[in-house]
S.K.: 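I'd like to ask some things about the structure below.
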2 protein chains.
Amino acid sequence: MTPQRQLVIDAVRDLGHATPEQICAQVQSAAPAVNITTVYRTLDLLERLGMVRHTHLGHGAPTYSEQEHQHVHLVCHNCGTVMEAPTDLMDGLAERLRRESGFELDVTHVALSGRCADCPDETQIDPEETR
Amino acid sequence: MTPQRQLVIDAVRDLGHATPEQICAQVQSAAPAVNITTVYRTLDLLERLGMVRHTHLGHGAPTYSEQEHQHVHLVCHNCGTVMEAPTDLMDGLAERLRRESGFELDVTHVALSGRCADCPDETQIDPEETR
DNA sequence: TTACCTGCAAAAGTTTTGCGCCTCA
DNA sequence: TGAGGCGCAAAACTTTTGCAGGTAA
């Protein structure tokens, strides 16, 4: 366990869910010399060790969070806000998938996409925002 | 409506859900001179017109499909198989989210991740496969 | 002409790889 | 000495942008 790795773990914990680049910025605020390569390598290692996990928020960038930090992500593809919801929200769906398709759902790995309560109701959701 | 655009539409329809690169390969099998830039630009245009939509299957690459081609995608992050399920599977969840959080779910935009019936039960899902 | 579409080339952004150096046991 | 971790540079890959030429109304 090197200082760099500890910093990456701390950053993941502090930021909740963040992209490798955000994590790198956070780490560099404490230790400016740390290279982004190290961040990528460390995240890869930590993930293999099961200490962190990554989630796809929809627009390209994977975000990393603690393994324990489990909830469903709701991403508004109008304003980009990421909300969190309890995982038991998915219980019914998970059960149905298991029974009907034999599919074992991993509720935390992907974010659900849609429009949050604060965003205006638009007939056509702008595809630009959902990248 | 140019020949290139028609080819892109055909490719999207034929492939079901495919990445820009796969679509480009398909188009080029009919017209080798077509540039991938054109594919990107055309997909962007078609999406703005509401003729195609894209879905995030989890591992970085967005996939494009016909607008009418609506279902929930189930991605196995062990073998990578993409399964399709009827959207009404999500009705209960969508209703609950709307009521409890005011969140308007877009059921087709993201894929659900997990392990399909054909893949062996592993305690730890290999993070490598879930990129 | 005017507007738009295309192909090519280059740029930009993100992630991975190679390599030499350093540290620590 | 040997293994592993780090930083730097470069490569690889995906997507976007700028530009010049071509086509059609």
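Order of the sequence lines sets the chain letters (A, B, ...), proteins ahead of strands, with each chain counted from 1. Not measured: the values here are computed from a predicted model.
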S.K.: Does anything in residues 8-32 of chain B reach DNA chain C, meaning a heavy atom under 4.0 Å, and if so which residues?
M.R.: none
S.K.: Please check the phosphate of C:dT6 (OP1 and OP2 only) for any side-chain N or O of B:Asn35 closer than 4.0 Å.
M.R.: no
S.K.: Quick check on D:dC6: is either OP1 or OP2 less than 4.0 Å from any side-chain nitrogen or oxygen of A:Thr38?
M.R.: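 Answer is no, no contact under 4.0 Å.
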S.K.: Taking CG from A:Leu45 and P from D:dG4, how many angstroms apart are they, rounded to a whole number?
M.R.: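 Distance, rounded to whole Å: 12 Å.
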S.K.: Using whole Å, report how far CG of A:Leu49 lies from P of D:dG4.
M.R.: 14 Å
S.K.: Write down the distance between CG (A:Leu57) and P (C:dT14), rounded to a whole number of angstrom.
M.R.: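 It is 15 Å, rounded to the nearest whole Å.
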S.K.: If every non-hydrogen atom of B:Pro20 is compared with every non-hydrogen atom of B:Tyr64, which pair is closest and at what distance?
M.R.: CG-CE1, 3.9 Å
S.K.: Indicate, with yes or no, if A:Val75 and A:Leu105 share a hydrophobic cluster defined by side-chain heavy-atom contacts under 4.5 Å among Ile, Leu, Val, Met, Phe, Trp and Tyr.
M.R.: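 They do not share one cluster, since no chain of ILVMFWY contacts under 4.5 Å joins A:Leu105 to A:Val75.
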S.K.: What nucleic acid atoms does B:Thr37 come within less than 4.0 Å of, heavy atoms only: base, sugar-phosphate, or nothing?
M.R.: base
S.K.: Using whole Å, report how far CD of B:Gln6 lies from P of C:dT6.
M.R.: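 So the two atoms are 12 Å apart, to the nearest Å.
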S.K.: Short question: side chain of B:Thr55, backbone of B:Thr108 - any donor-acceptor pair under 3.5 Å?
M.R.: yes
S.K.: Please state how far atom CG in B:Asp44 lies from atom C1' in C:dC4, giving the value in whole angstrom units.
M.R.: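 Taking atom C1' of C:dC4 as the reference, CG of B:Asp44 is at 16 Å.
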S.K.: Go through A:His73 and A:Glu84 one step at a time and tell me if the side-chain hydrogen bond (donor to acceptor under 3.5 Å, both in side chains) criterion holds.
M.R.: CA-CA 5 Å; A:His73 295 97; A:Glu84 300 175 349; 4.6 Å; no
S.K.: Any base atoms under 4.0 Å from A:Pro3, or only sugar-phosphate, or nothing? Heavy atoms, all strands.
M.R.: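 Contact class for A:Pro3: none.
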S.K.: Please work out whether the ring planes of A:His56 and A:His109 are parallel, tilted or perpendicular, with thresholds of 30° and 60°.
M.R.: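 Judged by the thresholds at 30° and 60°, the geometry between A:His56 and A:His109 is perpendicular.
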S.K.: Expressed in angstrom and rounded to an integer, what is the separation of B:Ile36 atom CD1 from D:dT15 atom P?
M.R.: 8 Å
S.K.: Rounded to the nearest angstrom, tell me the gap between atom CD in A:Gln4 and atom C1' in D:dG7.
M.R.: 9 Å
S.K.: Using a strict threshold of under 4.0 Å (side-chain N to carboxylate O), is an ion pair present between B:Arg53 and B:Glu47?
M.R.: no
S.K.: Could you state the CG-P distance from B:Leu7 to C:dT6, rounded to the nearest angstrom?
M.R.: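 Rounding to the nearest Å, CG of B:Leu7 and P of C:dT6 are 11 Å apart.
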S.K.: Does either side chain, that of B:Thr87 or that of B:His71, offer a donor lying less than 3.5 Å from an acceptor on the other one?
M.R.: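 Short answer, no.
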S.K.: Closer to the 5' end of DNA chain D via nearest nucleotide, is it B:Tyr40 or A:Arg5?
M.R.: A:Arg5
S.K.: Describe the nucleic acid contact of B:Arg41 in one word from base, sugar-phosphate, nothing, applying a heavy-atom distance below 4.0 Å.
M.R.: base
